[in-house]
Protein chains: 2
Amino acid sequence: MTTAVTLDRTVHLLHEETSRCATPATRRCATCRVSTLCLPGGLSEDDLQPLDSLLLTTRRVAAGQSIFAEGDPFRFIYAVRSGTCKTAMLRSDGREQVTGFHMAGEVMGLEGLAHGTHRLTATALEDGEVCLIPYERLVAATVATPGAKDLVRHLMGQEMERDHSIMVVLGLTDAGDRLAAFLLNLSERHASRGYSPREFHLRMSRGDIASFLGVKLETISRTFSSFQKRGFLEVSGRHLRITDLEGLKSAYGLRLR
Amino acid sequence: MTTAVTLDRTVHLLHEETSRCATPATRRCATCRVSTLCLPGGLSEDDLQPLDSLLLTTRRVAAGQSIFAEGDPFRFIYAVRSGTCKTAMLRSDGREQVTGFHMAGEVMGLEGLAHGTHRLTATALEDGEVCLIPYERLVAATVATPGAKDLVRHLMGQEMERDHSIMVVLGLTDAGDRLAAFLLNLSERHASRGYSPREFHLRMSRGDIASFLGVKLETISRTFSSFQKRGFLEVSGRHLRITDLEGLKSAYGLRLR
DNA sequence: CGAGGCATTGATCTCAGTCAACCAGCGTGG
DNA sequence: CCACGCTGGTTGACTGAGATCAATGCCTCG
């Protein structure tokens, strides 16, 4: 049932992409609130100009809508402008494996690079806006401008670094450790966006977190309760308040087993 | 004790790198046995020529030797020419987290891209040879030649795709599923190199596998025994023979929970 | 108002982590 | 040359964590 709906939306979206002229929301990076997150540091106004020639378009996405899907041709990379997204892969057993959560200023879709088609499906977790960066045009721009070259390098480097730090989390054998590491990571990312590192909304379901961390849904729920009982945090549905950040850190980080 | 030795070797290696002229083993990709694995398909002889201008050097590495280490400046990417390597990251609790195993024709070191320093340590698991590709010179070559551009794209794309498929494995909650997926992946990689997909040597220790898969060493050992008891494979130390590839696949893949 | 999705919680059982013993292979040094 | 210790691997016994199955509550949406 849900998959049918998602599929439907995807088809709709693909159509929307081809007739993209209907939404002529061409934007300039210079005016973007989260450009400091997308772009490498130290870019001057001059460096930004060639990027504007890429004619970046933005697209509004509703919660649940897919942004690109497994198998779609790789044409764009997608920067989250506002909102939160998840990326997932269909496992051979038919269930979906969540591979990441993406906040404003983070980029998705680079995994399509090698095969020319996307290997992941990206879905919006809340209403938001994504920025479509035409990959070929971006690469073409690198020839002329060092700024664009830095951008490509920055984006790919970040992606690979992110992937490896995820592997470190998934290398932990304890569910509590994994959830703590996950929450601390979310906390940091909120902080670097100017939001409170101690209080925020979880945009993803327990099931999504469970899939991402390689444990079962119920375990996530129980571990939240356990953290709450131990006084590390207060959780009510998807609202989270970390009351003892240090405690949470030491519960995970300082474990010297 | 062992770390001291490793450290010693690293220092030695760094010194070797600076006075690299001592090993003037400049190589051409065209003569490389595994070039079809490193390089994107459809490259002509003409495409290879500019790559040769990169003056690729090779370095012999002994088992246990480190190739690059966390914190080293990012200057090269490293293609495995022969042998097998592992990459690992130091976790905050002091233990090492293995992030990957790399066979001939696979590339390591791209994670250093964003920060300009390597975030992982690469270690040879057996005697072998790695190919040093000077990154800046490679990028410079992309301006002139489309072949080099394809190469960069190919290498990065592969890396990101690999990372995501690892995440899918780590998303499995069952230790048996994870090990089966891991072995099947090794099997495929052997097959694509012309070796038997059913019989090969594991180059890494049980501890390395455990770290990589996010389970404990003893669990790996037990799961091997269990697989053997169930007739999927025969294992003796690091020698592995898969006697029932289909059984192993279905034990992992066709699980329709 | 009812249905369905999401989350929590309980009971139970299995699996994997823990601690420890043991073995095989190997290099070292007496 | 053999004894020794070290490393890496296997196995056993036990325990605790997490998966499984199931019931219930909450909230939203139609």
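Each chain gets a letter, A, B and so on, in the order the sequences are listed, and its residues count up from 1.
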Problem - Candidate pair B:Asp93 and B:Arg95, rule salt bridge (Lys or Arg N to Asp or Glu O under 4.0 Å), full reasoning - result: CA-CA 6 Å; B:Asp93 63 2; B:Arg95 300 197 32 73; 5.5 Å; no
Problem - Step-by-step side-chain hydrogen bond (donor to acceptor under 3.5 Å, both in side chains) determination, B:Thr87 to B:Thr99 - result: CA-CA 6 Å; B:Thr87 45; B:Thr99 58; 3.0 Å; yes
Practice task
Please test A:Arg59 against A:Thr57 for side-chain hydrogen bond (donor to acceptor under 3.5 Å, both in side chains), starting from the C-alpha separation and ending with a verdict.
Solution key: CA-CA 7 Å; A:Arg59 184 200 288 164; A:Thr57 54; over 6 Å; no
Short heteroatom pairs, N/O only, protein and nucleotides 15-18 of chain D, under 3.5 Å:
from	atom 1	to	atom 2	distance (Å)
D:dG18	OP1	A:Ala175	N	2.8

Might you list the N or O atoms of the protein lying below 3.5 Å from N or O atoms in nucleotides 24-29 of chain D, with each pair's distance?
none

Got a list of protein N/O to nucleotides 20-26 of chain C N/O distances below 3.5 Å?
none

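When the P atom of C:dT8 is taken as reference, atom CG of A:Leu240 falls 11 Å away, rounded to whole Å. Note: CD1 (A:Ile220) to P (C:dT9) measures 14 Å, nearest angstrom. Rounded to whole angstrom, the span from the CG atom of B:Leu213 across to the C1' atom of C:dA16 amounts to 14 Å. Put simply, CZ on B:Phe224 is 14 Å from C1' on D:dG8, counting in whole angstrom units. The interatomic distance linking B:Leu217 (CG) with C:dT18 (P) rounds to 12 Å, in whole Å. Computed from coordinates, the A:Arg95 CZ to D:dA19 C1' distance equals 13 Å when rounded to whole Å. Rounded to whole Å, atom C1' of D:dT10 lies 11 Å from atom NZ of B:Lys229. Regarding B:Gln228, its CD atom lies at a distance of 9 Å from the P atom of D:dT10, rounded to whole Å.
For A:Arg193, the salt bridge (Lys or Arg N to Asp or Glu O under 4.0 Å) partners at least two apart in sequence or on another chain are A:Glu106. Evaluation of the salt bridge (Lys or Arg N to Asp or Glu O under 4.0 Å) rule for A:Glu126 yields A:Arg203 as partners, not counting sequence neighbours. Considering only residues two or more places apart in sequence or on other chains, A:His190 meets the ring-ring contact (aromatic ring centres under 6.0 Å, His included) condition with A:Phe200. With sequence neighbours excluded, the residues satisfying salt bridge (Lys or Arg N to Asp or Glu O under 4.0 Å) with A:Glu246 are A:Lys249. Residues satisfying the side chain to side chain contact (heavy atoms under 4.5 Å, CB included) criterion with B:Arg241, sequence neighbours excluded, are B:Glu199, B:Glu234, B:Thr243. Remark: A:Glu111 pairs with no residue by the salt bridge (Lys or Arg N to Asp or Glu O under 4.0 Å) rule, at least two apart or across chains. Under the side-chain hydrogen bond (donor to acceptor under 3.5 Å, both in side chains) criterion, B:Asn185 pairs with B:Arg189, sequence neighbours left out.
Side-chain polar atoms of A:Arg60 and A:Thr58 form no donor-acceptor pair below 3.5 angstrom.
The residue B:Arg238 sits close only to the backbone: its heavy atoms come under 4.0 Å of sugar-phosphate atoms, none of a base.
If you check residues 197-208 of chain A against DNA chain C, the residues with a heavy atom closer than 4.0 Å are A:Ser205, A:Arg206, listed by number.
Interatomic distance, A:Phe232 CZ to A:Leu179 CG, rounded to the nearest 0.5 Å: 11.5 Å.
The salt bridge (charged side-chain N to carboxylate O under 4.0 Å, His left out) contacts involving residues 205-215 of chain A comprise A:Lys86-A:Asp208, where partners must be two or more places apart or lie in separate chains.
With contacts defined as side-chain heavy-atom distances shorter than 4.5 Å, the pair B:Leu202/B:Phe224 qualifies.
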